[in-house]
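The block underneath contains the structure these notes are about, expressed in structure tokens.
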Amino acid sequence: KEVKTGTIELSRKIANVLEEKLAENILILDISDISDFTDCFVIATASSPRLLRSLIKAIDEEIKEQTGYNPIIEGANNEDWVVMDYAYVVVHLFSEDARNYYDIEELWEAGKVVLSLQ
């Protein structure tokens, strides 16, 4: 199955916001060949709960302004793991400990890395 062009574009827009707002270890993973529910994951680490909240807000505002898309946000009050669902793109924002614990990259290792920013 081929990823929609807009999906990669949206993933890159989100990654740009994450980079600009100082998220760490940003990864875009194309999982379209192995997933029925989405095409891409954008995964990033926030160094503090305050930064995590800031990243949620920045992504939500920037992407809404650029595309009009509204995500479904799960765990917005959580300090370890927040999911922002844009249908074809799902954003996972983790604390460092939670990212190491859940090791989502390992779970989805059959996906293709589109972008990796340390």
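This structure is a prediction, so every number in the text was calculated from the model and none was measured.
Separating the OH atom in Y88 from the CZ atom in F37 is a distance of 13.5 Å, to the nearest 0.5 Å. In this structure, the separation between CG on L18 and CG on L115 is 10.5 Å, given to the nearest 0.5 Å. Atom CD1 in I59 sits 11.0 Å away from atom CG in N16 (nearest 0.5 Å). Separating the OH atom in Y86 from the OG atom in S11 is a distance of 11.0 Å, to the nearest 0.5 Å. Going from atom CD of E109 over to atom CG of D103 covers 9.0 Å, rounded to the nearest 0.5 Å. Between atom OG1 of residue T67 and atom CD1 of residue I14 there is a gap of 8.0 Å, rounded to the nearest 0.5 Å.
The shortest side-chain heavy-atom distance between M84 and L93 falls under the 4.5 Å cut-off. In this structure, V90 and V83 have side chains that are in contact, with non-hydrogen atoms separated by less than 4.5 Å. Within the 4.5 Å cutoff, no side-chain heavy atoms of E96 are placed close to those of N25. Counting heavy atoms from C-beta on, the side chains of D39 and V89 never come closer than 4.5 Å.
Within the structure, the side chain to side chain donor-acceptor pair (under 3.5 Å) test picks out the following pairs touching residues 43-56 (sequence neighbours left out): T45-R99.
In this model, a donor atom of one side chain and an acceptor atom of the other lie less than 3.5 Å apart for S32 and D30.
Other residues, nucleotides and ligands place no more than 12 heavy atoms under 6.0 Å from the NZ atom of K21. Heavy atoms of other residues, nucleotides or ligands lying less than 6.0 angstrom from CG of N70 number more than 12.
When the side chains of ILVMFWY residues are joined at heavy-atom separations under 4.5 Å, either directly or via intervening members, L55 and L22 end up in two distinct hydrophobic clusters. Hydrophobic clustering (side-chain heavy atoms under 4.5 Å, transitive across Ile, Leu, Val, Met, Phe, Trp, Tyr) groups L117 together with I8. Under the 4.5 Å side-chain heavy-atom criterion for grouping Ile, Leu, Val, Met, Phe, Trp and Tyr, I34 is connected to V113 within one hydrophobic cluster. I72 and I56 sit in two unconnected hydrophobic clusters of ILVMFWY residues. Membership requires side-chain heavy atoms under 4.5 Å apart, directly or through other members. One hydrophobic cluster, built from ILVMFWY side chains closer than 4.5 Å, holds both Y102 and I31.
The two residues L52 and N78 have their closest heavy-atom pair at CD2-O, 3.5 Å. Of all non-hydrogen atoms in A98 and S95, the two that sit nearest each other are N-OG, 3.1 Å.
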Inset, instruction - Any chance you could lay out the side chain to side chain contact (heavy atoms under 4.5 Å, CB included) test for I26 and E19, step after step, and finish with the verdict? - result: CA-CA 7 Å; I26 302 164; E19 184 178 27; 3.9 Å; yes
Inset, instruction - Let me see the working for Q118 and S116 under side chain to side chain donor-acceptor pair (under 3.5 Å), right down to the final yes or no. - result: CA-CA 6 Å; Q118 301 301 313; S116 179; 3.2 Å; yes
Inset, instruction - Kindly indicate, with the supporting measurements, whether the criterion side chain to side chain contact (heavy atoms under 4.5 Å, CB included) is fulfilled by I63 and K13. - result: CA-CA 7 Å; I63 299 306; K13 286 179 183 185; 3.8 Å; yes
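With sequence neighbours left out, D60 forms a salt bridge (charged side-chain N to carboxylate O under 4.0 Å, His left out) with K64. Taking E61 as the reference, K57 meet the salt bridge (charged side-chain N to carboxylate O under 4.0 Å, His left out) condition, with sequence neighbours excluded. With sequence neighbours excluded, the residues that form a side-chain hydrogen bond (donor to acceptor under 3.5 Å, both in side chains) with E62 are Q66. For the ring-ring contact (aromatic ring centres under 6.0 Å, His included) test, residues two or more places apart in sequence or in another chain that qualify with F41 are H92, W108. For Y69, there are no ring-ring contact (aromatic ring centres under 6.0 Å, His included) partners at least two apart in sequence or on another chain.
Remark: the backbone N or O of A87 is paired with a side-chain donor or acceptor of T38 at under 3.5 angstrom.
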